[in-house]
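Worksheet: one structure, shown below.
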Amino acid sequence: MTTKMTVVPSHIAIVMDGNGRWAKKRFMPRLAGHKQGLEALRRCVHLCIERGVRVLTVFAFSSENWNRPEDEVSGLMNLLAGALTKEVPSLHAEGVQLRFVGERANLSEKVRNGFAQAEALTAGNDCLVLNICFNYGGRWDIVQAAARLAQEGKPITESSLSAAMALAHVPDPDLVIRTGAETRISNFLLWQSAYSEFYFSSALWPDFGAEQLDAAIADFAQRERRFGKTSEQITPTSGEQVSA
């Protein structure tokens, strides 16, 4: 059933944290937590579509995650390869446009081809844009944008840098959610989240569902987004409304 909410962020970004801790609490291997995390992502995509969210960006694998145990990294890569085969057709059928954001040079050819094929298949979809940040870091994003501009001989300005960022195809996130009770952003969307609202959920990512998402959206709806202005400047005059 579609959930109707009065104020819904157009772009939600999520740091999907807590898979390993979820598995540890159940005396299961960490990879089992990542598998449940994939189920939570599938659930979250459906929930966002129902609520009218236009863009969902998730932090799936950071550039620092290569430092994790080799068996965990290998398991994550295998999980990703399987997900590309299993999940992409159903996401395409639902009108989801897939974009993979991050450095691809050191990924396997199989994974790179899977990314390219998924993006090509879903390029025309417009129900929801799903950005999967894989081998991504906010500092990498800023550096690669600056390097691209320098290589092209273009001046580095705020607008030109924004246009060269890896998420230039979508507006900046309105709401950034981090699960797992941690209160840091861990090198995620450093440039794009400059004026985002932040919400920290105590739920571990595999347990994140409708209740937790709706709580985050309800909290967002109460925020006053000033973008550097004063409250008086954004207060609507008689008969006018200000969008969040």
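FYI, the numbering just counts along the sequence from 1.
At least one donor-acceptor pair closer than 3.5 Å links the side chain of N113 to the backbone N or O of E109. Not one N or O on the side chain of N78 forms a donor-acceptor pair closer than 3.5 Å with the backbone of G75. Judged purely by atom type and a 3.5 angstrom limit, Q36 has no side-chain atom pairing as donor or acceptor with the backbone of N19. R43 places no side-chain N or O within donor-acceptor distance of the main-chain N or O of L38, the cut-off being under 3.5 Å. A donor-acceptor contact shorter than 3.5 Å is absent between the side chain of R68 and the backbone of E64. With hydrogens and angles disregarded, a donor-acceptor distance shorter than 3.5 Å links the side chain of Q212 to the backbone of G209. Judged purely by atom type and a 3.5 angstrom limit, S196 has no side-chain atom pairing as donor or acceptor with the backbone of D174. In this structure a side-chain-to-backbone donor-acceptor pair under 3.5 Å is missing from H11 to V55.
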Hey, can you pull the donor-acceptor pairs under 3.5 Å for the side chains in residues 145-156, sequence neighbours left out?
from, atom 1, to, atom 2, distance (Å)
R148, NH2, Q144, OE1, 3.2
E152, OE1, K154, NZ, 3.1

Using atom types as modelled, flag every donor-acceptor pair under 3.5 Å from a side chain in residues 124-136 to any protein atom, sequence neighbours excluded.
from, atom 1, to, atom 2, distance (Å)
N125, ND2, H92, ND1, 3.0
N125, ND2, V96, O, 2.9
N131, OD1, H169, NE2, 2.7
N131, ND2, T57, OG1, 2.9
N135, OD1, W66, NE1, 2.7
N135, ND2, E103, O, 2.8
N135, ND2, N106, OD1, 2.7
Y136, OH, D141, OD2, 3.0

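To the nearest 0.5 Å, atom OG of residue S10 and atom CG of residue L175 are 11.5 Å apart. Atoms CD1 and CG, from I177 and L56 in turn, are 8.5 Å apart once rounded to the nearest 0.5 Å. In this structure, M16 CE and H34 NE2 are separated by 10.0 Å, a value rounded to the nearest 0.5 Å. Taking CG of L107 as the start and CZ of F61 as the end, the distance is 8.5 Å to the nearest 0.5 Å. Distance check: L204 CG to K25 NZ gives 5.5 Å after rounding to the nearest 0.5 Å. With values rounded to the nearest 0.5 angstrom, L76 atom CG is found 8.5 Å from R30 atom CZ.
Shortest non-hydrogen contact noted between R104 and A116 is NH1-N, 4.2 Å. Residue W22 comes nearest to A32 through the heavy atom pair CZ3-O, 4.2 Å, listed as atom of the first residue, atom of the second, then distance. Closest approach of P206 to G37, counting heavy atoms only: CG-N, 4.2 Å. Scanning all heavy atoms of the two residues, the minimum distance from A23 to G33 falls at CB-N, 3.7 Å. Nearest heavy atoms, S160 versus T157: OG-N, 2.8 Å. Of all heavy-atom pairs spanning C44 and I14, the tightest one is SG-CD1, 3.7 Å.
No side-chain donor from either of S159 and S162 sits under 3.5 Å from a side-chain acceptor of the other. In summary, the side chains of R42 and S90 do not present any donor paired with an acceptor at a separation below 3.5 Å, with no hydrogens or angles considered.
Connection of V176 to Y199 is not established within any shared hydrophobic cluster, with ILVMFWY side chains joined at heavy-atom distances below 4.5 Å, either directly or through further cluster members. A continuous path of Ile, Leu, Val, Met, Phe, Trp and Tyr side chains, each step under 4.5 Å between heavy atoms, connects L98 with M77, placing both in one hydrophobic cluster. If you chain together hydrophobic residues whose side chains sit under 4.5 Å apart, I49 and V8 fall into the same group. Connection of L213 to F59 is not established within any shared hydrophobic cluster, with ILVMFWY side chains joined at heavy-atom distances below 4.5 Å, either directly or through further cluster members. Both I217 and V58 are part of a single hydrophobic cluster, where members link through side-chain heavy atoms under 4.5 Å apart.
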Please report the C-alpha distance between S62 and N65 in whole Å, then the side-chain angles of each, then the deciding distance to 0.1 Å, and finally whether the side chain to side chain contact (heavy atoms under 4.5 Å, CB included) criterion is met.
CA-CA 5 Å; S62 78; N65 285 157; 3.3 Å; yes

Side chain to side chain contact (heavy atoms under 4.5 Å, CB included) assessment of I142 paired with M165
CA-CA 7 Å; I142 295 169; M165 300 294 284; 3.8 Å; yes

Run the side chain to side chain contact (heavy atoms under 4.5 Å, CB included) check on F200 and E182 step by step: do they pass?
CA-CA 7 Å; F200 298 98; E182 301 289 0; over 6 Å; no

Should R112 and E119 be marked as a salt bridge (charged side-chain N to carboxylate O under 4.0 Å, His left out) after you check the CA-CA gap, both sets of side-chain angles, and the distance that decides it?
CA-CA 11 Å; R112 293 198 305 270; E119 288 176 336; over 6 Å; no

Begin from the C-alpha positions of R178 and S186 and carry the test side chain to side chain contact (heavy atoms under 4.5 Å, CB included) through to its verdict.
CA-CA 10 Å; R178 179 168 185 149; S186 297; 2.7 Å; yes

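Enclosure of atom CD in E211 is not indicated, since only 12 or fewer non-hydrogen atoms of other residues, nucleotides or ligands lie within 6.0 angstrom. No more than 12 heavy atoms of other residues, nucleotides or ligands sit less than 6.0 Å from atom CZ of R139.
Looking at heavy atoms from C-beta onward, T179 lies out of side-chain contact with V15 at the 4.5 angstrom threshold. At a threshold of 4.5 Å between non-hydrogen side-chain atoms, the residues F220 and I12 do not count as touching. Looking at heavy atoms from C-beta onward, F115 lies in side-chain contact with L80 at the 4.5 angstrom threshold.
W205 meets the ring pair (Phe, Tyr, Trp, His ring centres under 6.0 Å) test with F208; sequence neighbours excluded.
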